[in-house]
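Notes follow once the structure below has been shown.
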Amino acid sequence: MINFIKKNYNYINITIISLCVYAIIYVFGISRILEKYLPKFVKCAYLQYTGKPCPLCGGTRYIRNISEAFNDISYLFNFFGFIVLVFVFELAFRTILLTNRKEKSKKIVVADILIHSIIFVVYFIYIVMFFICN
């Protein structure tokens, strides 16, 4: 399994960079256009059907107002602040890995999988806590 991942690691890096760039473009560009011309596409389906906010409700609005973090650092002590920091880390980390021409070592691949497993567990705990509290 590790050999398969190691062999296709550049493709994985390009895919993750693309997803991060898409998320940034969506928040700052596409969502504003959709809000203006197709407002039903921007509304949260979970909120519409249940009447309760989903764990990601307000995310686009939060990220759009990220400039508030320069005025008040506590703005980042929010779940979406964590997501923004992960996106920034991903863009930097993946770009460095792609520009590095050396052979990707097994340690880097294992560390990458471990870091993302921890991020997934933290996100999963957040989702569970969100539904318990609501």
Side-chain angles (χ1 to χ4, degrees):
M1 179 71 173
I2 291 291
N3 287 335
F4 172 76
I5 292 174
K6 227 169 110 174
K7 206 166 20 169
N8 296 308
Y9 199 62
N10 284 341
Y11 298 122
I12 294 168
N13 289 333
I14 290 169
T15 303
I16 293 175
I17 286 173
S18 300
L19 290 172
C20 289
V21 168
Y22 169 75
I24 292 168
I25 290 172
Y26 177 80
V27 168
F28 292 110
I30 298 171
S31 69
R32 291 177 191 228
I33 295 168
L34 286 176
E35 276 180 16
K36 191 173 186 178
Y37 297 109
L38 302 166
K40 288 195 178 215
F41 283 115
V42 182
K43 293 189 181 192
C44 177
Y46 186 84
L47 179 65
Q48 259 181 310
Y49 292 115
T50 64
K52 293 181 178 182
C54 76
L56 298 176
C57 273
T60 302
R61 191 172 48 252
Y62 175 89
I63 295 171
R64 246 192 233 155
N65 297 325
I66 198 70
S67 61
E68 291 296 316
F70 296 113
N71 299 332
D72 182 13
I73 195 69
S74 67
Y75 192 77
L76 289 174
F77 300 126
N78 180 309
F79 183 71
F80 288 106
F82 176 72
I83 289 175
V84 169
L85 292 176
V86 168
F87 277 6
V88 169
F89 167 76
E90 284 295 331
L91 283 172
F93 180 69
R94 301 294 169 179
T95 304
I96 290 168
L97 287 177
L98 279 176
T99 57
N100 187 358
R101 295 281 183 214
K102 293 180 185 174
E103 176 69 24
K104 306 303 183 277
S105 72
K106 185 177 178 181
K107 289 179 183 179
I108 291 175
V109 174
V110 170
D112 190 18
I113 292 170
L114 183 65
I115 288 168
H116 286 86
S117 298
I118 291 169
I119 290 170
F120 174 76
V121 168
V122 168
Y123 178 72
F124 183 75
I125 290 170
Y126 168 77
I127 297 294
V128 169
M129 294 302 290
F130 180 86
F131 283 113
I132 289 173
C133 292
N134 287 330

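For this chain, numbers begin at 1 and follow the sequence in order.
- Here the straight-line distance linking atom CZ of Arg94 with atom CD1 of Ile17 works out to 8.0 Å at 0.5 Å rounding.
- Distance CZ/Phe120 to CD1/Ile125: 10.5 Å, rounded to 0.5 Å.
- Taking CZ of Phe89 as the start and SG of Cys20 as the end, the distance is 10.5 Å to the nearest 0.5 Å.
- In this structure Leu38 satisfies the side chain to side chain contact (heavy atoms under 4.5 Å, CB included) test together with Leu34, Phe41, sequence neighbours excluded.
- Among residues two or more places apart in sequence or in another chain, the ring pair (Phe, Tyr, Trp, His ring centres under 6.0 Å) test is passed with Tyr22 by none.
- Using a 4.5 Å cut-off on side-chain heavy atoms (C-beta onward), Ile14 and Ser18 make contact.
- By the criterion of side-chain heavy atoms lying less than 4.5 angstrom apart, applied directly or through intervening Ile, Leu, Val, Met, Phe, Trp or Tyr residues, Ile25 is grouped together with Leu91 in one hydrophobic cluster.
- For Ile96, the side chain to side chain contact (heavy atoms under 4.5 Å, CB included) test picks out no residue, with sequence neighbours left out.
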